[in-house]
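I have placed the structure first, in the form of structure tokens, so that the comments after it can refer back to it.
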Amino acid sequence: MIRLENVSKYYKNLCVLKDINVNIEKGNIISLIGPSGCGKSTFLKCINGLTSVTEGKIYIDDLEITAKGVDLNKIRSEVGIVFQQFNLFPHLTVRENINLAPVKVKKMPKNDVEMQTMYLLEKVGVLDKIDKYPDQLSGGQAQRVAIARSLAMQPKIMLFDEPTSALDPQMTLEVLDTIKDLAKEGMTMVVVTHEMGFAKEIADKVIFLSRGKIIEEGEPSKIFDNPEKKITEDFINSVLKH
Ligand code: ADP
Ligand code: MG
């Protein structure tokens with residue numbers, strides 16, 4: 001479903017991703033881990049066309065999204081992304097935040113959009129906040145609204161970039177539960193997270209990235225409990241200490 005072939009990404013002379021090859025099957029859940037600055041966010045941004053690759057190719061199904069002239073809006077509606085900071089529009093209500101893209105970008109009928117928005121808010125457990133503004137929500141509620149907003153575009157793939165790292169433990173649980181529900185429904189996902197218990201529970205595969213290279217990948221139990229490389233082990237231990 002998602003295929004990266006020899007992908008490299010440079011910012012000027014800085015090599016941020018180096019010769020990445022990854023194949024993600026439909027319905028798979030990948031947990032992407034690695035030290036700060038190793039290229040995790042850049043990896044996600046390349047997959048939904050928020051940034052261009054320097055070398056290599058990325059395919060979503062049979063579409064090469066790195067080809068010239070590809071419709072980036074189409075890719076972004078098929079690949080949803082949720083960031084650490086929720087990026088909701090502060091001057092719009094929850095309802096308006098979620099309605100916006102389906103109406104403007106997808107040109108869905110207004111009534112269908114309204115129904116879908118209510119359905120999605122119910123699903124992520126914040127339907128009662130539909131007419132509130134973002135600053136009237138807790139962090140966990142805001143993040144669940146951000147997830148609903150992404151889902152409103154009916155994506156095939158969801159990318160999460162440290163979705164709980166700005167949240168306290170209780171809110172983290174709420175958001176992780178929401179992501180787990182999506183996992184159960186068979187959504188294809190790439191999740192950058194250092195919540196290892198969570199990654200162990202839901203991930204089909206963990207990819208450990210360091211300085212833009214894939215150092216090791218495999219089942220969560222292998223990477224977390226029995227890593228092959230010293231650098232992976234050191235990283236896992238440093239996360240566990242926090
Ligand atoms: P991570 O998400 O793993 O912390 P990032 O993908 O955000 O890492 O960043 C990887 C590297 O690329 C870092 O050294 C970062 O400073 C650099 N970088 C990220 N975005 C840009 C940019 N727009 N311009 C220049 N350098 C960038
Ligand atoms: Mg990042």
Side-chain angles (χ1 to χ4, degrees), residues 2-22 24 29-58 60 65-66 72 75-76 79-88 139-140 142-143 146-147 149-150 155 157-168 171-172 175-176 178-179 188-196 198-199 202-203 205-218 220 223-224 227 229-242:
I2 311 173
R3 202 162 81 244
L4 284 76
E5 284 181 358
N6 308 107
V7 168
S8 295
K9 169 73 182 174
Y10 290 77
Y11 288 113
K12 298 227 172 77
N13 291 329
L14 178 70
C15 179
V16 178
L17 295 175
K18 181 74 186 156
D19 203 22
I20 301 283
N21 287 285
V22 171
I24 302 171
I29 298 162
I30 306 298
S31 161
L32 183 62
I33 61 171
S36 178
C38 74
K40 303 179 297 296
S41 296
T42 305
F43 182 104
L44 296 187
K45 285 180 191 162
C46 287
I47 296 179
N48 88 331
L50 277 176
T51 193
S52 61
V53 306
T54 313
E55 289 162 15
K57 293 177 178 179
I58 300 177
I60 294 192
I65 67 164
T66 41
L72 287 175
I75 296 163
R76 286 176 200 152
V79 186
I81 188 163
V82 173
F83 298 98
Q84 175 180 342
Q85 296 301 337
F86 333 115
N87 300 326
L88 296 171
Q143 189 60 302
I147 293 171
R149 183 178 60 171
S150 253
I157 297 160
M158 284 288 286
L159 310 175
F160 291 92
D161 196 353
E162 305 198 38
T164 62
S165 52
L167 304 176
D168 68 27
M171 294 182 204
T172 294
V175 170
L176 294 182
T178 302
I179 299 174
T188 307
M189 304 199 272
V190 183
V191 187
V192 174
T193 180
H194 296 147
E195 300 283 343
M196 289 205 198
F198 170 72
I202 73 158
K205 184 156 92 175
V206 176
I207 296 177
F208 174 59
L209 205 63
S210 176
R211 298 187 180 186
K213 285 191 193 158
I214 295 182
I215 304 294
E216 207 169 328
E217 59 185 297
I223 302 295
F224 291 136
K229 306 254 167 76
K230 173 91 169 59
I231 175 173
T232 314
E233 189 179 341
D234 288 346
F235 174 73
I236 307 273
N237 287 336
S238 76
V239 174
L240 290 176
K241 268 189 219 123
H242 283 96

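Counting convention: from 1, in listed order, for ligands and their atoms alike. Note that the structure is a prediction, hence the values are computed from the model and not measured.
- Residues V22 and I2 are not in side-chain contact: their nearest non-hydrogen atoms beyond the backbone lie 4.5 Å or more apart.
- Note that the CG atom of D161 and the OG1 atom of T193 stand 10.0 Å from one another [nearest 0.5 Å].
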Hey, can you pull the donor-acceptor pairs under 3.5 Å for the side chains in residues 42-49, sequence neighbours left out?
from, atom 1, to, atom 2, distance (Å)
N48, OD1, L50, N, 3.4

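- At a cut-off of 2.8 Å, measuring from the Mg ion (ligand 2), the protein N, O or S atoms that fall short of it are S41 OG, waters left aside.
- Formation of a donor-acceptor pair under 3.5 Å by the K229 side chain with backbone atoms of I215 is found in this model.
- The distance from atom CD of Q143 to atom CG of L88, rounded to the nearest 0.5 Å, is 8.0 Å.
- One distance of note links CD1 of I236 with NE2 of H194; it measures 9.0 Å at 0.5 Å rounding.
- In this structure, F224 has no ring-ring contact (aromatic ring centres under 6.0 Å, His included) partners at least two apart in sequence or on a different chain.
- Taking a heavy-atom cut-off of under 4.0 Å, ligand 1 is surrounded by Y11, L14, V16, P35, S36, G37, C38, G39, K40, S41, T42.
- Separating the CG atom in N237 from the NZ atom in K230 is a distance of 8.5 Å, to the nearest 0.5 Å.
- Separating the OG1 atom in T232 from the CG atom in L209 is a distance of 11.0 Å, to the nearest 0.5 Å.
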